[in-house]
Amino acid sequence: MHKRTKVTDIIIALILLVVIAGIVFVILMPRRTNNPMNGTDTEKTVTYEDYNGKNIGILTGTNMEAESFKYFPDSKYFYYDGYPNLNTALENGVIDAYLADEPAMKSIHAQQPQIDYIKERLTHNEYSFAFRKNDPAEKKLLDQFNQFMQKIRADGTLAEIDSIWFGTDESKKVVDMSDLTGENGTLHVVTTSTDEPFSYIKDGKNVGYDIDVTVRFCRECGYALVLGDVTFQARIPALESGQYEFTTTMNVTPERKEAVLFSEPVSEGGIVVAVRSEDLAENASETESRNFFQKIADSFEKNFIREGRWKLILQGIGATCLITVLSAIFGTILAFIICLFRRSGGKFTNKVLNGYVKLLQGTPTVVLLMILYYVIFGKLGVSALIVAVIGFTLNAAAYVSEIMRSGIESIDEGQQKAALALGYTERQAFFKFIFPQAAVHFLPVYKGELVNLLKSTSIVGYISVLDLTKMSDIIRSRTYEAFFPLLATAVIYFFLAWLITILIQFILKRVNPRTNKRKGGMHA
Amino acid sequence: MSLIKIEHLQKKYTESMPLKDINAEINKGDIISIIGPSGTGKSTLLFCLNQLEIPTAGKVFLDGEEITDPKCDINAVRRKMGMVFQHFNLFNNKTVLENVICAPMDLLKIPRAQAEKEGRELLKKVGLEGREDHFPEELSGGQKQRVAIARAIAMKPEILMLDEPTSALDPTLVNEVLSVIRGLAEDGMTMLIVTHEMRFAREVSNRIFFLTDGEIYEEGSPEQIFENPQREKTRAFIKQLKTLSMTVSSLDADISGITEQLEEFGRKTLLSSRKMRNLSLVVEELIVQIASHYRQTQEDVSIHIYVEQSETENSVSLEIKYQGSAFDPTENGDELSLLIIKNMTSELSYQYTRGSENNVNQIHAII
């Protein structure tokens, strides 16, 4: 009876989620009616000046921030991570325009016809690979890289790369890394794989203009290649930490020149203004012909089926589960050890452990992760996945040890005394009488903590782990759609949390003497 | 040779010293009640014997072995010294039967079948047959304490120490626990009991330790301690046990509160239950009369009640004093009340004194 109620709860929760999502979807379907450009003469060509004073989106951690201030001094600014979020905001009318690199805009427009850009370039930019400063080894590598660039520019290889990645022939857009020999060592290169056409994920593999150049460089010079994947604004810190030898192309700006060494320009382009297609006079006649269900079907196909994107989701689930399960196990063991030390330890150990718990509780997990990844393990070359497990283990240990402590403290000391008086040792008394009772008290809270742990692993993208959230970001960066990837991610997290709940419920039943013993007693 | 020998035992905390210098010998078969004012280290003494509290100085010997020696295996020693706690301290995650058998199985390595058989017999002995599979939280306080006693004696200890075994119990549940302890006494169990139940102490013990100011101030047979104490503080303590005084206001006299205090007084002294009932009735009738009179006259009068058990212990003297206008409840008032009061008292007198500042009504009665 009890079980059935549980399942019903889950189903109701799921239905609610789907219904809410559906309502949101339907509301968003008919595009805004208050066209901000309506007041202007549609015959006149739209320029960036028309957008001064409108809402402008900014891609966090890029030079678009400074440029936006320059070109749209009277606007309100909104900050986003990655193009998918910018596009969603633009489509929904939260922002009216954003600045982007022209190559990226070409890709976006190809995928999302409803988003276009004003063809006039605001600036001319060069895109270069960036290397760490003040490091002789890096200087040497940069020289080697520049020589390679000169060579491929001279022999026409670079022009060929241009034509592949800025072209339309999808079949050519592949990068083969399998033949890298690595006799001269391994290069660690950090990139942002939501940056089509420079660096993105297609058919589950890293591809793009920059990746192609990097792989050709590695092939030429006998390096093996390991790619790291972080957001735009984390790339320079990641490079500076020593985890990586260089990073894929970025705009060359004076501020960045102070922080990193830039290679010779690899490609060039400029900043353009991204706007809604319907706001451009040239697109005014375009109309939507597909119906609602077709759109949903297309959207689903695009987000999950095309290029086998569901495999990315599966990989992401794998990483999320691995981090959650390992951190939960190690964190619980560590928490238990902390608990034992705090019970029996001296004043000094107690102070240290107390400090540890307070420190971890007072630090945002994402900051802890970044400190571990970029500072502590910066030069050791520890894989990001292991760093994530270490970070979440430390974090979970702090919380779980507090949960355990309060559970143990809720058991009155008299039982410990009674056990000692009978002749049990302190340890026997603790494990036989105190801890099992404490467990019944703290397991429900512990369950919540594990669900929290699961959910908080969604930040590991910051240190380049490809978990479920990051994978959905990657899909969104290709399809420029938010609805299905986010909905699927939410549902999957919900199911994983539900599994944790069931597991703990099962354990709780085993350790609770009332549910456990009674059954045995009745059969006996 | 004595079973337990205590030499110069001392326990000091940073701010107090509950045990100063305890010296005693306990023989096999002794049943010793430890009495004394509260806060004088009676419980601390028990805890220091099995080292649940570590004494600051002094030695304790069990069967000639010094158990205060740090090299002594205290866990093995504790198996021979059973302990019953004021708050029972049952293992709440274990059933009643498991509470009793887990220590013999885990520590004495007795096979489960045998341990269960013995455990069931013990539970039957303390009157808890059929409760084997219950959990502690399903039991009353008296039942819990009987399980705790069974748990302690399941280890077949050489001595059983009971720390105020009935003081956390509802008064109606005290007797079931005391009768179990009486049963153990008949079986010849050596016991050390910290208690406030004076009648019980007197009946069951062969020796009484009167503990005050951190030492055994006076020791002797129950007769000596309760009837003929030799030293001053013992005398004062015993006399105080035999008296009760309280003050109530006429406007909101709490009759049930008064009755409760009287009952507790009766249990701690040696009054027979018949005498107790009579005393209670007389006090109740008199207070009700007085309170209702002054409620009519709208006077707020405080009433002092003083009860003292007489030396011969066959009777109690009762004195009620109150200021205010003259009112004699032994003459005026409800006829039925007067009848009850007169029947139950062997002496009854009323006096009204006009003082310079206050006028005082005074009733004296012997019951």
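Any value given below was found using the heavy atoms of this structure, including those in side chains, with hydrogens, waters and symmetry copies removed. Protein chains get the first letters and strands the later ones, always in sequence-line order, with residue 1 at the start of each.
The minimum heavy-atom distance between B/R151 and A/A418, with the atom names listed, is NH2-CB, 3.4 Å. Closest approach of A/K432 and B/C102 over heavy atoms only: CE-CB, 4.0 Å.
Using a 4.5 Å cut-off between heavy atoms, B/E137 touches chain A through its side chain atoms alone. Proximity to chain A (any heavy atom under 4.5 Å) is restricted, for B/F47, to the side chain, taken from C-beta onward. Only the backbone of B/L90 comes within contact range of chain A, judged by heavy atoms closer than 4.5 Å. At a 4.5 Å heavy-atom cutoff, the contact between B/N50 and chain A is made by side-chain atoms alone. The part of B/K94 that comes within reach of chain A is its side chain, from C-beta onward, which places non-hydrogen atoms under 4.5 angstrom from that chain. With a 4.5 Å cut-off on non-hydrogen atoms, B/M81 touches chain A through its backbone but not through its side chain.
With a 6.0 Å radius and a threshold of 12 heavy atoms from other residues, nucleotides or ligands, B/Q114 has its CD atom above the threshold. Around CZ of A/F336, the count of heavy atoms belonging to other residues, nucleotides or ligands within 6.0 Å exceeds 12. By the 6.0 Å contact criterion, CZ on A/F430 is enclosed, its count of non-hydrogen atoms from other residues, nucleotides or ligands being greater than 12. More than 12 heavy atoms of other residues, nucleotides or ligands lie within 6.0 Å of OH in B/Y13, so this atom counts as buried by the packing criterion. Heavy atoms of other residues, nucleotides or ligands lying less than 6.0 angstrom from NZ of A/K455 number 12 at most.
Taking CG of A/L420 as the reference point, atom CD1 of B/I74 lies at 10.5 Å (rounded to 0.5 Å). Taken from NZ in A/K417 to CG in B/N89, the straight-line distance is 8.5 Å, to the nearest 0.5 Å. Atoms CG and CD, on B/N93 and A/Q415 in that order, are 7.0 Å from each other to the nearest 0.5 Å. Separation of atoms CD (A/Q428) and CG (B/L107) is listed at 6.0 Å; rounding is to 0.5 Å.
Relative ring orientation between B/F91 and A/Y424 is described as perpendicular, the plane-to-plane angle rising above 60° on a 0-90° scale split at 30° and 60°.
Ranked by heavy-atom pairs under 4.5 Å with chain B, the first of A/I434, A/L422, A/V440 is A/L422.
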